[in-house]
Every structure is written in C-alpha cells, then in structure tokens.
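Here's the structure we're looking at; comments come further down.
Side-chain atoms are counted along with the backbone in the values below, which use heavy atoms only and exclude waters and symmetry mates.
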Amino acid sequence: MTLIWIIAIFFAGGLLCWAAQFVNRVLIKWIALIAAVANLALVGAAYAEYRNGSAPGDWLIDYTVNWIPSFAIKFHIALDGLSLVLLLLTAFLGVLAVLCSWKEIKERVGFYYFNLLWTLAGITGVFVAMDLFLFYFFWEVMIVPMYFLIAIWGDSNRRYASYKFFIFTQAGGLLMLVSILALFFINHANTGNYTFDFFELQNITLSVAEGRWIMLGFLVAFVIKLPAVPFHSWLPDAHSEAPTAGSLILAGLLLKTGAYGIMRFVITLFPQNSAEIAQWAMLVGVIGIIYGAMLAFAQNDLKRFIAYTSVSHMGFILLGVYSFREMAFDGVVMQMLTHGISTGALFAMAGMIKERLHTREMGNMGGLWTGMPLMGGLALLFAMASLGLPMMGNFIAEFLILVGAYEVNPTLTIIASIGLVFAALYSLRMMQRVFFGPRTTPDRHPEPFLRQGELREGSAHSASAVYDLSAREFTILISLSVAIVILGLFPQPVLDSVNTVVQSLIQKNTP
Amino acid sequence: MNALVLSAIWGVIMMFSGIITSRLKVVRVVAVLGIIVLLLSTIMELNGTKFFGFNLNGMLVFDTFSLLFNSVIFFCVLIYFLLSGKDIEKVGMNVPDYYALLFFVLAGVTMASSFNTLLMLFLGIEIISIPLYILTGSDKRNLKSNEASLKYFLMGSFSTGLMLMGIALIYGAKASFNLDVIGGTTTELTPMVSAGLLLLLFSMAFKVSAAPFHFWTPDVYDGAPGVFTSFMATIVKAAAFIAFIRLFRGGFTEVHAKWQLIVAIITAATLFIGNITAVFQQSVKRMLAYSSISQAGFMMFAIVSLGDAALEGLLYYAAAYCLATIGVFAILVRMKDYTYDGFNGMGKHHPAIAAANTVFMLSLAGIPATAGFMAKFYMLSVAINAGKLLWLVIIGILCAAVSVYYYFRVIQAMYFKDGEKQEIETGPGFKLLLGITAGFIIFLGIFPQWLIEKLYFFL
C-alpha cells in the first residue's frame with residue numbers, strides 16, 4: 001500500500017495546490033512541501049523495512065489490481081531494490097525541487113506546484129510500474145506536466161525548448177507503445193494468454209528478428225530520454241530553459257528513467273538481442289562521453305554547460321549496462337544516484353546564481369567567491385564530484401563502470417577514461433570562470449530573461465546584488481553535499497539493496 | 001427503428017415549430033427535447049422495446065451494434081445542442097429549419113448505420129448529404145459559405161454517382177442488393193465485382209474524407225458556419241465510418257485480403273496528408289478540418305483490420321473524437337478570431353474555458369489519461385493484431401507524434417502568449433457543460449472499461 005500512498009499523495013497534493021491557488025497563495029508552497037516530505041518519510045520507512053530484512057523475497061512490495069480487464073491491463077506496481085533506491089532519489093530530489101522553487105516562482109504558483117508534483121508522481125510510477133501498459137501510462141504522465149513546467153516558467157526560449165522536449169520524448173514513447181503492443185500480441189499467439197504483465201512477459205520466446213525490432217522500439221524511447229548522442233539535442237535546450245526545479249528534476253530524475261528502462265526492460269526482456277548490439281551500444285556510450293565533454297568545455301552558458309556534462313556522464317550508463325558485468329551494473333546504479341545528486345546540485349546553484357545576477361552567461365560572472373564564499377565552497381565540492389574525485393559518489397560509480405567494462409572492451413574503456421580527464425578540464429574551467437578571477441561586477445544589464453511587465457525580486461536594486469546563501473538555499477545544498485559524500489564513503493548499502501537485481505540481470509545476460 | 005421514425009417526425013415538428021412560435025428559446029428547447037426522446041427511444045430499443053413494428057423485409061437491420069452506435073451519436077448530439085444551440089441561432093433567420101435539417105440528417109444517420117441492402121445505404125448517405133449541402137450554405141450573405149456549399153454539392157453528387165455506379169455493378173454481378181447475399185457469394189473477385197468494390201470504396205473514402213478524396217474537406221469545413229462544421233466533422237463523419245465498415249464487413253469480408261492493401265495505402269496517405277498539412281495552417285478552424293482528416297486516418301485502421309475488436313474500437317474512437325471535437329468547436333464558434341492568435345492569453349482571461357479546451361486538445365492528440373489515447377490505443381492494437389501491417393502502424397505512430405505539434409500550438413497560444421481579452425459569450429451553464437464534457441473525456445480515458453463493458457454487454 002505504501003506505493004499507492006506515495007503516488008496518491010503526489011497526485012492529490014498537486015490537485016490541492018491547484019485548488020489552493022483560489023484560497024490562499026501562501027498555503028500552496030506548504031502543501032507541496034508537506035506532500036514531498038511525507039513521501040520522503042514513506043520511502044524512508046520502506047527502505048528501513050527493507051534494510052531490516054523483514055521484507056520477504058526479491059519483491060518488497062507487490063500490488064496488483066485489475067484496471068482494464070478487457071485488455072488484460074492491470075494496475076500492477078512492485079518494488080525491488082533497484083526501484084527502491086531510485087524512489088529514494090525521487091523523494092529526496094522532490095523535496096529539494098519544492099524548496100528550490102520557493103522564491104523563484106511568482107506567477108501561477110498553484111498550477112506550478114501542480115505540475116511539479118504530477119511530474120514526480122509520474123516518475124514514481126515509472127519506477128514501480130510492472131505492467132507495461134501502466135508503465136507507458138506513467139511515462140506519459142511524467143512528460144506532460146514537465147512540458148508545462150518548461151513552457152510556462154522557463155526562460156526566453158522556452159517555447160521552442162518545450163516543444164522539442166515533448167516531440168522527442170513523445171515520438172520515442174509511441175515507438176515504445178508499438179513494441180509493447182507487439183509483445184502483447186506475440187505473447188498471446190504463443191501462450192494464448194493476453195497480458196501486459198512484465199513478470200509474465202519475461203518468459204516470452206521471440207525469434208531473433210522479432211526481438212530485434214521490438215527491442216529497438218524500447219531502446220529508442222530510452223536512449224532519447226537518457227540521452228545518447230544522436231538523440232541528445234533536446235536536452236541542452238530543455239535543461240537550460242527550464243526553471244531551476246525543472247532542470248533539477250530533468251537532470252536528476254527524468255534522465256534516470258531512461259537508464260532504468262534499459263536496465264529493467266531492455267536487457268531483461270531481450271538478453272540475446274542486447275548481446276547482439278552490446279558493442280555498438282558501448283560505442284555510442286563512449287562517443288557520448290567524449291562528445292558531451294567536448295561540447296561542455298565550449299559552452300558559455302552555465303546551464304547549457306551542466307546539460308552537456310550530463311550527456312557526458314550518461315554515456316557511462318550505456319557503457320556500463322552493455323558490458324554485462326556485475327561491477328558495471330553496480331556502477332550504473334551508483335551513477336544514476338550520484339549523477340542525480342551532483343548535477344541536481346549544480347543546477348540548483350546555477351538557479352541561485354541566476355536569481356542574483358539574472359544571467360546564465362559565464363562571461364558575465366567571475367570572482368563570485370568573494371561575494372559568496374559559502375556557495376563557492378559548495379560549488380567546488382560538486383565540481384570535484386562531477387570530475388570524479390575520490391570520496392564523492394561519482395568516483396565510485398565511474399570507477400566501477402570502467403573496471404567492469406575493461407574486461408569486455410579495453411579499447412573503448414580507455415577512451416572512456418579520457419573522458420574523466422576532460423571532466424576535470426571542464427569542471428575546473430567552470431570554477432575558474434564563475435568563482436575565481438577578478439570580480440567583474442556585471443553591468444546593469446537589460447535583463448533579457450524577464451518577460452514583459454514582470455518584475456523579479458532583486459531586479460529593482462543593482463544587478464550586482466551578490467549575497468551569500470540564505471538558510472533555505474544552504475539547506476538544499478548542504479543536504480545534497482552530505483548525500484554525495486555519504487554515497488562516496490559508504491556505497492555499500494546501495495550496492496546491497498540492488499544486489500539481487502544485479503544478480504538476476506547477470507544470470508539473464510550470461511549465455 | 002424507433003429513432004428512425006421519431007427523428008423524421010421530429011424534423012417535421014421542428015419545421016412547424018417555426019410557424020407556431022417565434023421565440024427561439026422555445027425552438028431550442030423543443031430540439032433538445034427531441035434529441036432526448038431519440039436517445040431514450042434508442043436505449044429502450046436496445047432493451048427490447050420497439051414502438052413500431054413495420055415489416056422492413058430485411059432492408060434495415062437494427063442490430064445491437066447499430067443501436068449502440070446510434071445512442072452514442074445521439075448522446076453526442078445532445079451535448080452538441082446544449083453547447084452550441086445558441087450559436088445555431090446566430091447563423092441566420094431560419095432557425096427552426098436548421099434544426100429540422102439536423103434532425104433529417106439524424107434520420108439518415110440511423111439508416112446509414114443499420115442498412116442491410118445497398119439501396120438503403122444509398123438512401124441513408126443521400127439523406128445525410130442533402131440537408132448538409134443546405135446547411136453548409138446557410139450563411140447566405142457570406143461568399144465563402146456559398147462557395148463551400150456549391151463545392152460540396154458538386155463533389156458530393158459526383159461521389160454519390162460513383163457509389164450508384166458501384167452498386168449497379170455489384171447488382172449486375174450478384175443480382176441482389178442484399179448485403180447478406182453479396183457477402184455470402186463474394187468469395188473471389190471477378191472483374192465486375194472488383195470494379196464495383198473499388199467504386200464503392202472510393203465513394204465511401206470520399207464521404208469520410210480519406211486521401212486522396214479529401215480535397216473538398218478543408219474548403220467546406222472552413223466555409224461552412226462553424227456550428228455546422230462541428231456537426232459535419234463529428235456526427236456525420238462517424239456515421240459515414242459506420243456505414244463504411246458495415247458495408248465492407250457485410251459484403252466483402254471473404255475477399256478482405258485482396259482489398260486490404262489498397263485501404264492500407266489510403267489510410268497511410270490520409271494520415272500523412274492530414275497531419276503534415278495541418279501543421280502549416282494558420283487558422284484553427286482550418287487546422288481542425290485537417291485534423292479531422294488525420295483522425296479519419298486513424299479510424300481507417302478499423303476498416304483495414306475489420307475484426308470484431310475493430311467495431312468496438314471504431315465506436316470508442318467515434319465517441320472520443322466526437323466529444324472532443326464538439327467541445328473545441330463550441331468554444332471556437334464563440335470566438336471572433338479563428339487564428340491561433342485568437343487563442344492568445346485565453347488561459348488568463350478565461351481560465352475555465354482554457355482548461356477544458358486543453359483537455360480536448362490533449363485528447364485529440366492522444367495523450368494518456370484522456371479518451372483519445374485509449375481510442376488510438378484501440379486502433380493501433382487492432383492493426384498490430386491484424387498482422388503484416390507494421391509499416392502502417394509505424395506511420396500512424398509518427399503521424400501521431402506530428403499531430404502533437406499543431407494541437408499543442410493551441411495550448412501554447414492559450415497559456416504562453418499574452419493577448420487582448422476576447423469577448424466570449426459564456427454563461428455558467430456553458431462552462432459547467434464544457435467542464436462535464438472534459439471530465440467525461442478524462443473519465444473515459446482512465447476507466448475505458450466502463451464504455452467497453454457496455455459494448456461487450458451488447459455486442
């Protein structure tokens with residue numbers, strides 16, 4: 001029941017927020033915060049239960065109820081170790097996303113939190129849905145509100161970015177739908193049994209050609225979301241135009257749904273076909289690592305910079321998953337978590353800087369450390385995390401992936417490790433341009449990011465109103481830093497919880 | 001049977017209501033009353049109560065499928081009258097006549113959905129078409145409306161000619177108009193039968209505005225008064241589809257494999273042309289005309305696959321599509337500016353209407369949790385189940401992704417662009433009804449079982 005509560009709280013919280021708009025505007029934020037915190041507590045409780053070992057079997061929670069019986073569609077949600085750690089991430093970043101938006105959002109607040117919470121509900125659903133139709137349903141539920149988040153509260157180029165985001169993901173999603181339907185009918189032809197249930201479909205036998213096409217349908221949807229290189233072009237636009245919380249959720253959670261989908265569905269349902277394309281997938285991953293890093297290095301826009309680092313980091317996921325090694329799988333899960341946290345933190349900081357300077361141009365920043373020593377220190381921490389310094393979680397993740405992949409394909413792995421060097425380059429360059437160097441007081445610029453007739457806080461006084469972190473901002477960043485350090489020092493609990501999942505993946509994928 | 005007789009009678013009543021009273025409100029109430037009577041009588045017939053016991057010699061068969069379709073359609077017309085009734089009154093002077101013509105169309109719809117001989121098909125389609133020619137030109141002082149009417153008339157009679165020709169050829173080959181006889185004896189295609197089949201196919205494709213017989217649609221839909229466009233694009237189109245599938249299921253199931261490819265190509269072309277052209281429209285009304293073509297493309301999936309599930313799917317699709325489109329048009333006809341810019345800032349000035357319109361657009365675009373998604377899902381699943389047509393499904397999917405662009409453009413205009421406040425005449429009743437329609441669409445999207453069970457129960 002916990003899972004249903006989590007999803008229901010997000011949905012209901014969203015509706016309440018929208019309704020509260022007509023009653024009391026202060027109430028809205030608190031409703032959203034309470035909903036997010038309540039869910040964090042619920043997921044935390046589930047995790048504690050899991051750690052105590054009181055949960056039986058692989059599946060901690062398994063709940064099924066008929067939904068559309070004439071299509072054999074069931075509302076089937078279940079929770080295992082992998083889903084659990086991702087739910088923890090979702091709930092955690094959910095709270096932070098609400099906190100991030102506390103002051104940034106000034107118009108249509110109720111509708112904003114409605115969309116925010118519904119996106120989170122969709123993501124939660126994606127992580128726990130075990131009925132393929134339900135999975136598709138949540139997959140779509142997550143992108144429609146995200147579209148609104150970008151399109152209404154985004155920056156100047158928000159319309160273009162939101163369109164691009166939506167059409168890319170929608171096209172991928174529909175291809176996945178075709179694949180799901182194909183599985184449904186092939187399974188019926190084989191067994192005479194109509195079902196969308198993931199557990200039952202796992203036993204399906206497909207001819208090689210069938211499997212290949214059906215797998216591609218799934219894979220395209222997931223690599224668009226991930227994103228892997230030829231499909232990544234929506235990401236920089238969407239990330240940089242979205243409001244802070246939007247970027248946080250996009251980078252922290254939405255990208256993970258792609259990685260999750262590959263792990264959960266693609267390599268589980270199509271082990272043979274996955275093995276077929278493994279080398280190509282690893283190659284695409286490595287291209288993503290290098291290409292993303294190079295583009296990140298060349299960016300002047302802070303948020304676009306972070307977006308491209310995401311492309312680079314997500315390349316590791318493909319590399320790791322398709323090497324089919326235990327270590328690499330562990331690394332992939334770690335990468336999902338740590339990337340969510342570190343990139344989320346970077347986006348949060350970019351948002352905070354933008355609130356102060358009203359710009360994302362790194363050229364207009366510089367020497368911010370003197371004005372904001374606290375933020376500077378924390379930014380340095382996350383820049384180090386992003387470049388893979390030991391003691392931060394990202395190091396563990398990328399190290400595990402590289403070690404795992406090396407056995408399979410040394411050449412690609414070596415090229416991928418060069419990506420780490422690039423990561424050091426771009427991260428340090430970013431630190432240098434934003435926080436170090438002479439203090440450049442930005443011009444009293446025309447505020448290009450404000451819409452007509454809209455006044456934001458701080459715009460009335462001088463644009464160089466650089467002030468250090470407020471208590472709320474400090475809370476956000478410090479909790480993220482604690483999380484990333486803990487993951488770096490004690491990754492074992494995470495690895496323990498996904499152990500059974502990884503083992504079964506290994507079993508499926510070793511011929 | 002109940003509905004056929006009653007709708008014809010009610011058409012006459014509507015004509016005379018104009019003589020008895022000059023108060024438009026009374027006329028409207030009588031019309032709404034009429035549609036409620038039609039709806040109830042159809043539901044009663046579903047449960048076995050027949051008012052009229054004529055011997056039809058098997059020319060019309062009121063089976064559960066046609067009755068179910070009729071009740072869905074009458075329900076949609078009820079919503080249509082309630083939402084757009086006031087706008088019908090603004091078209092011109094002869095309001096009672098418009099209502100009368102609409103009821104005559106409904107008589108045609110009941111015939112077209114329950115025919116069992118080709119003659120009744122012809123009659124049904126003609127009874128639908130002729131009042132529509134008049135309604136299209138009902139805005140007499142508007143040049144575009146006149147042009148549309150003439151165009152529709154010429155093209156429509158041409159396609160009816162094709163249909164008659166096809167019927168004649170089939171009759172020549174089978175010596176019968178009866179669908180059962182034709183279906184029972186058509187096991188292979190002789191030249192005469194195939195010529196007849198093709199002519200019927202083309203004329204039906206014309207009526208449902210499938211490519212390449214769609215050219216009349218944008219002009220006619222654009223030129224006709226908005227309220228009647230709404231009626232044509234929904235009720236009439238759905239009826240034409242039911243006639244289409246009835247004709248081909250009844251008559252040519254045995255040779256399905258032989259004509260399937262042609263229909264599949266027509267479907268692909270319809271999807272492609274409808275969606276791509278819709279992207280480039282500047283007027284929302286014209287966009288909706290092309291959108292109706294692309295939606296027709298999806299409904300064509302039912303004809304392509306022709307199974308039992310296809311029947312259900314077509315019913316579900318018709319309901320989902322009609323509700324959403326009627327809703328959108330109800331809003332559109334009350335606006336002065338039919339371009340996308342006309343929608344600018346609606347989210348701010350008319351939040352309730354904008355929210356409902358968003359639901360309609362999402363449903364048309366086929367986003368989950370709306371009825372439109374389940375409808376598309378139905379169609380895709382019947383096509384995949386039919387096998388061999390994966391290429392068509394992929395084209396359908398890609399076109400659905402394209403359609404997101406133009407439907408979301410309206411949403412974007414409403415919420416993300418600032419605009420002058422447009423005067424839209426709305427009362428609380430109108431808003432409430434829009435809200436109910438939108439709610440119903442979401443309900444059907446989340447609990448499709450409700451309607452499907454109804455279908456199963458009767459089918």
Under 4.5 Å from any heavy atom of chain A, what part of B:Lys417 do you find: side chain, backbone, both or neither? both
Once rounded to the nearest 0.5 Å, what's the spacing between atom CD1 of A:Ile186 and atom CD1 of B:Ile384? 9.5 Å
Quick one: are B:Phe377 and A:Leu177 in side-chain contact, heavy atoms under 4.5 Å? yes
Indicate the atoms forming the closest heavy-atom contact of B:Ala369 with A:Phe137, along with that distance. N-CE1, 3.6 Å
With a 6.0 Å cut-off (strictly less than), is the heavy-atom count around CZ of B:Phe443, excluding the residue itself, greater than 12? yes
With chain B as the partner, which of A:Phe184, A:Trp139, A:Tyr136 has the greatest number of non-hydrogen pairs under 4.5 Å? A:Tyr136
Please classify the contact of B:Phe373 with chain A as side chain, backbone, both or neither, using a heavy-atom distance under 4.5 Å. side chain
Looking only at heavy atoms, what is the nearest atom pair of A:Leu174 and B:Ala400, with distance? CD1-CB, 3.9 Å
Separation between CG of B:Leu398 and CD of A:Gln170, rounded to the nearest 0.5 Å: 11.5 Å
Answer with side chain, backbone, both or neither: which region of B:Leu380 has an atom nearer than 4.5 Å to a non-hydrogen atom of chain A? both
4.5 Å side-chain heavy-atom contact, B:Phe408 and A:Ile167: no
Measuring only between side-chain heavy atoms, which start at C-beta, is A:Phe71 closer than 4.5 Å to B:Gln449? no
Tell me whether A:Tyr160 at atom OH has more than 12 heavy atoms from other residues, nucleotides or ligands lying less than 6.0 Å away. no
Part of A:Val178 within contact of chain B (heavy atom distance under 4.5 Å): both
Residues in side chain to side chain donor-acceptor pair (under 3.5 Å) contact with A:Thr244, at least two apart in sequence or another chain: A:Glu104
Expected contact set for residues 206-221 of chain A against chain B at heavy-atom separation under 4.5 Å reads none
Intermediate values then yes/no, side chain to side chain donor-acceptor pair (under 3.5 Å), B:Gln412 and A:Tyr147: CA-CA 10 Å; B:Gln412 293 218 327; A:Tyr147 163 83; 2.8 Å; yes
Please find the pair of heavy atoms, one from A:Phe148 and one from B:Thr358, that lie closest to each other, and give the distance. CZ-CG2, 4.2 Å
pair A:Arg108-B:Tyr415: side-chain heavy atoms closer than 4.5 Å: yes
Looking at chain A, which one of B:Pro368, B:Ala401, B:Ala383 has the largest number of heavy-atom pairs inside 4.5 Å, strictly under? B:Pro368
